[in-house]
Each structure stands twice: as C-alpha cells, then as structure tokens.
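Only a predicted model underlies this, so the values are computations on that prediction, with no experimental measurement involved. In this chain, numbering begins with 1 at the start of the sequence shown.
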Amino acid sequence: MPQSVLSASAANSSSSSSSEIPVLSGRFHDWVFECHGFWHNAVLIIASFLFVLYLALQSRNSFRKLSHGRSHIIISYYFSLWLVSLLNLAWSTFQVWECSPGKELAWNLLSLFTTSGMLFLEVSLLAFLFEGNNATGLEPLTRTFGISGIVVGFDILLKAIYLFAFGIPLFIDTNDSNHHTKWNLWVIHKLVLTVIYGFILFMYHSKWRERLPARPAFYKYVTIMFIMNALALFACGLSGNGTAFGFWLYHVTVVCYHAFYLPLLYITFLADFFQEEDLHLENVYYSEMKDAGFFETDWE
C-alpha cells in the first residue's frame, strides 16, 4: 500500500477520533450543566436515584413483609410507588430533553406519565384519608383506586388536549408570560389541591377529626403538602403575570416535589408497615395517638 494512502487513512482516523471526543464531552456538558443548570439537575438526579436505591436495598425485607401481610392497599401502593419512582428517576435523568430540539414529544410524554403517576399516588392517599380508620380490605382498595383512576384519567385527557391539540407547552418551562392558558391551567390545578389539603386540615381541628386516621404522621403530611401547593399556586399566579420571582419560585416547588415527595409519601404511609416487630409498630401508633391527645378524654 502506498505511503500516501497510509498517511491519509491515519489522518482520517485521528481526525474522526478527535472529533468524537468533543461531541461526547459536549453531550455530557449539556446533560449536566445546560437546561436549568447543574444544581437543578444534580438535586433531582441524586435525590431520585437515592430513593430508588433505598427501595432496592429494602426490597427483600419488604417483599417478605408483604407476603405475610394481607393488606391489599399496602401491596398495591408499594408496587405503584416502585413504578412511579422509576418514572421519576427517568424524568430527572433526561432533563436535557426539555431543551433539545426534536425531543419535545418524548419529553412531553415522559413528563405526562411521570406527573400523572405521582398525582395518582397523591390522590390515592387523599382518598385513603377520607376512608378513615376503616380503610382495610379489598373493597376500600377498589373504591380508593377507582376514584384515583377517574381523577387522574381526566387529568391526563385534559393535559393531552392542551399538549397535542392546542400545542401549549405545559412541560417546557420558559419565562414566557404569553402562554396565559398554560399558567391558568396550573393555577386551577394547584388551587384544587390546596383547597383539598386545607379542608383536611380544617377537619383535623373540627368535630369531624375522628373520621380521619388517628396518626399525627398524616397530619404532618397534609400540612407539608398544603404549604407546598399554596406556594406553587402563588408562584403560578406570579408567573402568569410575567414575574421573574414567580417563575423562580415555581421551579423551586417543582424540584422539591419531584425530589422529596415520594420519600415523604413512603415515610408517611408505608415505612411503619415494614417494621420488623409488630409490637414495635403498635407502640409507635399508641405513642403517636397519645401525643396527639386522643386519650386525654379518658382521664377527665
């Protein structure tokens, strides 16, 4: 083979390899630093990954506990949590799709299914709260998940119409106040959740308190979610008017929701079920009820 041909092939191979390195480094840079910035992406990815890792490490003990327990609600909720956690991890990992041309459809579909899955868990827990202390067995499970399925199905249909029929960028966040319809939808969405959580807080301080589960953990959960949705409602209202602070606050609420909601839900609803000793679990429930003042009337 002529020397000139060897030199040309060597030059082509070196140029192709050198061109691949900047492309790969550029993709890594875009994935980590672009589209909302490093800290935004890092918090979402690390938090969602650590929670999935925690579920995986606890899965053996959890499956053993589920196999001995006969709670249809707990079993269904646990596997639903697994599915939504994996979706949330994918959503957090592929944040760069939001800012990548040609990835709008993939990003919208991933965002739609992820947010709908989280909303399903949220609505299911609210329905469980309204079921009260009698939420055991197959019938309450069917009723709870049936209500959640109807609500989330309507939510998916409405968002799909906004996304694919009207072309409104619900899940592509830019500081653009021209999309008033988008922010109006989010205002209504957050307003409904804020009102529901506010109503449950009112029930905890009213004569209907006995209709709710006698666990302070649920009260703390409702309080946190009421504050989060109230802040998100305020942020969406400001963003719709073109306020930069409102857009920043809205992003903070989105990051907090996707990073910490699933662990909060696990701690509130599932963690005590997976305790190894049933006696310890009963003591926890008793101490929580005592701290909440449910036995004060016995001494009067």
_For L89, side-chain contact (heavy atoms from CB on, under 4.5 Å) partners two or more places apart_ = S48, F49, V52, T93
*Fit a plane to each ring of F120 and F145, take the angle between them on a 0 to 90° scale, and name the class: parallel (under 30°), tilted (30 to 60°) or perpendicular (over 60°).*
perpendicular
What donor-acceptor contacts under 3.5 angstrom involve side-chain atoms of residues 217-228, with partners at least two apart or in another chain?
{"from": "Y219", "atom 1": "OH", "to": "H205", "atom 2": "NE2", "distance (Å)": "3.4"}
{"from": "Y221", "atom 1": "OH", "to": "Y261", "atom 2": "OH", "distance (Å)": "2.8"}
{"from": "T223", "atom 1": "OG1", "to": "Y219", "atom 2": "O", "distance (Å)": "2.8"}

*So, the side chain of Y250 versus the backbone of F245: is there a donor-acceptor pair under 3.5 Å, distance only?*
no
*Could you grab the distance from atom OG1 of T114 to atom CG of L87, nearest 0.5 Å is fine?*
4.5 Å
*asked:* Give me the atom names and distance for the closest heavy-atom approach of L55 to S85.
replied: CD1-OG, 3.8 Å
_Determine whether L109 and F164 satisfy the following criterion, side chain to side chain contact (heavy atoms under 4.5 Å, CB included), listing intermediate values before the conclusion._
CA-CA 10 Å; L109 288 175; F164 305 116; 3.8 Å; yes
*Can F79 be reached from L57 by stepping across I, L, V, M, F, W or Y side chains whose heavy atoms are under 4.5 Å apart?*
yes
*Do Y77 and L265 have side-chain heavy atoms sitting under 4.5 Å apart?*
yes
*asked:* Could you tell me if the side chain of L126 sits less than 4.5 Å from the side chain of I200, heavy atoms only?
replied: yes
*Closest heavy-atom contact between L110 and A90?*
CD2-O, 3.8 Å
*When you look at CZ of F202, are more than 12 heavy atoms from neighbouring residues, nucleotides or ligands closer to it than 6.0 Å?*
no
_Counterpart residues, side-chain hydrogen bond (donor to acceptor under 3.5 Å, both in side chains), relative to W82 (two or more places apart)_ = Y78
*Spatial distance of atom CG (L125) from atom OG1 (T268) [nearest 0.5 Å]*: 7.0 Å
*Give a yes or no on whether W186 and L233 share a hydrophobic cluster (residues Ile, Leu, Val, Met, Phe, Trp, Tyr; joining criterion: side-chain heavy atoms under 4.5 Å apart).*
no
*Should H40 and I45 count as side-chain neighbours, where that means a heavy-atom distance under 4.5 Å?*
no
*asked:* Less than 4.5 Å apart, side chain to side chain, heavy atoms only: is that true for L81 and F269?
replied: no
*Could you grab the distance from atom OG of S76 to atom CD1 of I74, nearest 0.5 Å is fine?*
9.5 Å
*Nearest heavy-atom pair of L121 and S80: which atoms, and what distance?*
CD2-CB, 3.8 Å
Anything under 3.5 Å between a donor and an acceptor, one on a side chain of residues 152-162, the other on a protein residue two or more places apart or in another chain? List them.
{"from": "D155", "atom 1": "OD2", "to": "K159", "atom 2": "NZ", "distance (Å)": "3.0"}

*Rounded to the nearest 0.5 Å, how far apart are CG of N241 and CZ of F247?*
14.5 Å
*Taking K190 for its side chain and C236 for its backbone only, find out whether a donor-acceptor pair lies under 3.5 Å.*
no
*asked:* Are H180 and W183, when compared by the centres of their aromatic rings, separated by less than 6.0 Å?
replied: no
*Pick one: which of V255, L262, V254 meets side-chain contact (heavy atoms from CB on, under 4.5 Å) with H258?*
V254
*No-hydrogen, no-angle side-chain donor-acceptor test under 3.5 Å, Q58 and Y266*: no
*Start with the C-alpha gap between F113 and W91, add the side-chain angles, then the distance that decides, and say whether side chain to side chain contact (heavy atoms under 4.5 Å, CB included) holds.*
CA-CA 10 Å; F113 286 116; W91 182 88; over 6 Å; no
*asked:* Assess the residue pair W248 and H251 against the criterion (ring-ring contact (aromatic ring centres under 6.0 Å, His included)); give the C-alpha distance rounded to whole Å, side-chain angles, the decisive distance to 0.1 Å, and a yes or no.
replied: CA-CA 5 Å; W248 174 83; H251 264 293; 9.8 Å; no
*Check whether I168 and V187 end up in the same hydrophobic cluster, where Ile, Leu, Val, Met, Phe, Trp and Tyr are linked by side-chain heavy atoms less than 4.5 Å apart.*
no
*ILVMFWY cluster membership beyond F260 - transitive side-chain contacts under 4.5 angstrom*: none
*State which residues pass side-chain hydrogen bond (donor to acceptor under 3.5 Å, both in side chains) with S124; sequence neighbours excluded, sorted by chain then number.*
S148
*Just how far is it from atom CD of E122 to atom CE of M118, taken to the nearest 0.5 Å?*
8.0 Å
*asked:* How long is the straight-line distance from CD1 of I172 back to CH2 of W97, given to the nearest 0.5 Å?
replied: 13.0 Å
*So, T243 side chain and S239 main chain: donor-acceptor pair closer than 3.5 Å or not?*
no
*Does any N or O in the side chain of S111 come within less than 3.5 Å of the main-chain N or O of N108, such that one atom is a donor and the other an acceptor?*
no
*When L231 is tested against each of T194, T253, V252 for side-chain contact (heavy atoms from CB on, under 4.5 Å), which residue passes?*
T253
*If Ile, Leu, Val, Met, Phe, Trp and Tyr residues are connected whenever their side-chain heavy atoms lie under 4.5 Å apart, and connections chain through other members, are V43 and L264 in the same group?*
yes
_same_hphob_cluster(L201, L191) at 4.5 Å side-chain heavy-atom cutoff_ = no
_Within the 6.0 Å centroid threshold, strictly below: F199 and W208_ = no
*Within-4.5 Å side-chain heavy-atom neighbours: W107 and Q95*: yes
_On a heavy-atom basis, which atom in A56 and which in S59 lie closest, and how many Å separate them?_
O-OG, 2.7 Å
